[in-house]
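The structure appears right after this line, and notes come after that.
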Amino acid sequence: MNKKYALQKKYFQELNEKILRAENILFFCDYDGTLAPFNPVPAKAKALPESIKSLRLIAEKENYYLSLVSGRKLSDLKNMIQFENANYAGSHGLEIELLKDNQIIHPFQAQNIDQKSKEIYQEIKEKYQAESQVELEDKGFGIALHFNDEIMQKEISDEINKKLQSTNYQLLVGRKIVELRPQGWNKGKAVNFIAKKMVEQFSLNNYLKIYIGDDRTDEDAFKVIEAGISIYVQNEDDLNTEAEYYLKDPHDTAKLLELLAGEA
Ligand SMILES: O=P(O)(O)OC[C@H]1O[C@H](O[C@H]2O[C@H](CO)[C@@H](O)[C@H](O)[C@H]2O)[C@H](O)[C@@H](O)[C@@H]1O
């Protein structure tokens, strides 16, 4: 493991130099586990106020384009964190709202999902809606099952995985959660989609992508950051990540954002 702790002076200087060399910054930030510490009740998982304050300052910088990217559905994400001048990507990027544009874009269409897959998905959804030991979060484009018990999580994810064989859905296993979502779209594709839109809309030339995220779904985004800055927020997991830098938890995210906002 050869990751760079982003708050260590020499590594912060290194990433800050990259930022200073770029004319424009496309700043992508995940929500849960990155801005908001874990809470067993998703609705209570609030972003740290100091991170909100710094992100607001970052979003106001003339050459910064802030995007919030989450597995949460768009409306939920926008309820949790409200910025006028930010792009939003909910449901792992299946629902996108670009800054200063009130329409929701669905960059990946449901017709890519065949009838058989839809039926199996519906069957799984109904089964776990009726299961009292599992909390089902219906996101429209997919579902998340929240668990308290890791053994149960493993059993259920194995069972669902079997059912999803040769469907157009995929299963993602995360921290106390399994998620079913359509195959073919992910946070990496959403990052590229938003980046392209920003480049076109604002005629950007020299730009740098920054992505901060904490779980497996963020790995797809780290892979498309290229020469930019990818930062993994470690939480409980190990450092098996594509990201170049790491932070230890959302409190570290707050410290980094404060430095980047120029407050510290
Ligand atoms: O992409 P993210 O912003 O990181 O969202 C990922 C999922 O986050 C939420 O679930 C996770 O956080 C909850 C609050 O701390 C926690 O209760 C749950 O166990 C975690 O898995 C959210 O509920 C999901 O919809 C997101 O996909």
Side-chain angles (χ1 to χ4, degrees), residues 27-48 51-52 55 66-83 86-97 125 128-129 131 133-154 156-157 160 169-182 185-191 194 211-224 230-237 241-243 246-247 249-254 257:
F27 196 104
F28 298 90
C29 196
D30 168 60
Y31 183 78
D32 286 284
T34 297
L35 296 174
F38 176 81
N39 189 302
V41 180
K44 291 189 182 164
K46 305 282 183 202
L48 294 173
S51 287
I52 303 265
L55 269 185
L66 174 66
S67 303
L68 296 153
V69 183
S70 177
R72 288 181 185 251
K73 64 180 176 191
L74 183 63
S75 54
D76 183 13
L77 176 65
K78 290 188 76 183
N79 260 340
M80 301 307 282
I81 185 160
Q82 284 130 24
F83 287 116
N87 300 299
Y88 281 85
S91 298
H92 304 287
L94 289 159
E95 308 172 276
I96 292 180
E97 196 173 309
K125 183 169 141 181
Y128 293 106
Q129 259 162 349
E131 169 64 74
Q133 283 171 286
V134 176
E135 196 193 314
L136 186 141
E137 182 185 349
D138 188 353
K139 310 192 204 187
F141 290 91
I143 52 170
L145 304 175
H146 295 275
F147 297 89
N148 289 319
D149 178 343
E150 283 181 7
I151 297 171
M152 186 184 230
Q153 174 174 3
K154 170 87 178 67
I156 291 181
S157 50
I160 296 178
Y169 280 89
Q170 68 179 135
L171 186 75
L172 304 163
V173 181
R175 196 175 304 132
K176 298 193 175 162
I177 191 171
V178 300
E179 299 202 51
L180 270 76
R181 71 170 189 202
W185 197 255
N186 58 44
K187 288 181 177 178
K189 292 191 176 178
V191 163
I194 294 173
Y211 191 99
I212 313 181
D214 80 305
D215 74 20
R216 284 178 218 175
T217 64
D218 297 305
E219 294 296 326
D220 294 315
F222 294 145
K223 287 180 192 149
V224 302
S230 49
I231 306 172
Y232 174 68
V233 184
Q234 190 181 2
N235 293 303
E236 296 160 14
D237 296 338
T241 172
E242 292 277 334
Y246 76 96
L247 294 166
D249 56 29
H251 294 277
D252 266 5
T253 309
L257 294 176

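First listed ligand is number 1; within each ligand, the first listed atom is number 1.
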All N/O donor-acceptor pairs, side-chain side in residues 142-151, below 3.5 Å, sequence neighbours left out:
from: His146; atom 1: NE2; to: Glu137; atom 2: OE1; distance (Å): 2.6
from: Asp149; atom 1: OD1; to: Ile151; atom 2: N; distance (Å): 2.8
from: Asp149; atom 1: OD1; to: Met152; atom 2: N; distance (Å): 3.3

### Query
Under 3.5 Å between some N or O of ligand 1 and some N or O of Ala144?
no
### Task
Calculate, to the nearest 0.5 Å, the distance between atoms CD and CG belonging to Gln82 and Leu77 respectively.
10.0 Å
### Message
If the cut-off is 4.0 Å to any non-hydrogen atom of His146, which atoms of ligand 1 fall inside it?
### Response
10 (O), 18 (C), 19 (O), 23 (O)
### Message
Restricting to non-hydrogen atoms, name the atom on Ile96 and the atom on Ala89 that form the minimum distance, rounded to 0.1 Å.
### Response
CG1-CB, 4.1 Å
### Nitrogen or oxygen of Asp32 less than 3.5 angstrom from that of ligand 1
yes
### Query
Which atoms from ligand 1 have a heavy atom of Ser70 less than 4.0 Å away?
1 (O), 2 (P), 3 (O), 5 (O)
### Summary
Checking heavy atoms under 4.0 Å, the part of Pro40 that sits near ligand 1 is backbone
### Message
Just to confirm my output: which protein heavy-atom neighbour is closest to atom 19 (O) of ligand 1, and how far is it?
### Response
Phe38 CE1, 3.3 Å
### Task
Over all heavy atoms of both residues, which pair between Asn186 and Arg181 is shortest? Give the atoms and the distance, please.
CB-NH2, 3.4 Å
### Query
Considering only heavy atoms, does Ala45 approach ligand 1 within less than 4.0 Å through its side chain, its backbone, both, or neither?
side chain
### Pair Ser230, Glu242: side-chain N/O donor-acceptor within cut-off below 3.5 Å
no
### Query
Taking Ile212 as the fixed residue, which of Tyr232, Phe27, Phe222 is the one that meets the side chain to side chain contact (heavy atoms under 4.5 Å, CB included) rule?
Phe27
## Note on the structure
Counting from 1 in the order shown, the ligand 1 atoms closer than 4.0 Å to a non-hydrogen atom of Glu179 are 26 (C), 27 (O)
### Query
What part of Lys73, side chain, backbone, both or neither, has a heavy atom within less than 4.0 angstrom of ligand 1?
neither
## Note on the structure
Quick note on ligand 1: atoms under 4.0 Å from a heavy atom of Tyr31 include exactly 3 (O)
### Task
Could you list the atoms of ligand 1 found under 4.0 angstrom from a heavy atom of Pro42?
14 (C), 17 (O), 23 (O)
If you look only at distance, which donor and acceptor atoms sit under 3.5 Å apart when one is on a side chain in residues 29-41 and the other is two or more places apart or in another chain?
from: Asp30; atom 1: OD1; to: Lys187; atom 2: NZ; distance (Å): 3.1
from: Asp30; atom 1: OD2; to: Thr34; atom 2: OG1; distance (Å): 2.8
from: Tyr31; atom 1: OH; to: Ala45; atom 2: O; distance (Å): 2.8
from: Tyr31; atom 1: OH; to: Ala47; atom 2: N; distance (Å): 3.0
from: Asp32; atom 1: OD1; to: Arg72; atom 2: NH2; distance (Å): 2.8
from: Asp32; atom 1: OD2; to: Arg72; atom 2: NE; distance (Å): 2.6
from: Asp32; atom 1: OD2; to: Arg72; atom 2: NH2; distance (Å): 3.4
from: Thr34; atom 1: OG1; to: Asp214; atom 2: N; distance (Å): 3.4
from: Asn39; atom 1: OD1; to: Val41; atom 2: N; distance (Å): 2.9

#### Entry: Asp138 versus Lys73, closest heavy-atom pair with distance
O-NZ, 3.5 Å
### For the student: nearest non-hydrogen atoms of Tyr169 and Phe141, plus distance
CE2-O, 4.3 Å
### Part of Lys44 with heavy atoms under 4.0 Å of ligand 1, whether side chain, backbone, both or neither
neither
### Task
For Asp76 and ligand 1, answer yes if some heavy atom of the residue is under 4.0 Å from a ligand atom, otherwise no.
no
### Query
Does any N or O atom in Lys187 lie less than 3.5 angstrom from one in ligand 1, N or O only?
yes
### Message
Quick test of your reading of the structure: of Asn39, Ile177, Val41, whose heavy atom lies closest to atom 16 (C) of ligand 1?
### Response
Asn39
### Task
Considering the heavy atoms of Lys139, write down every atom of ligand 1 situated less than 4.0 Å from one of them.
24 (C), 25 (O), 26 (C), 27 (O)
### Query
Using heavy atoms and a threshold below 4.0 Å, how should the contact between Asp214 and ligand 1 be classified: side chain, backbone, both, or neither?
side chain
### Query
Which pair of non-hydrogen atoms, one from His92 and one from Trp185, has the smallest distance, and what is that distance?
O-CD1, 3.7 Å
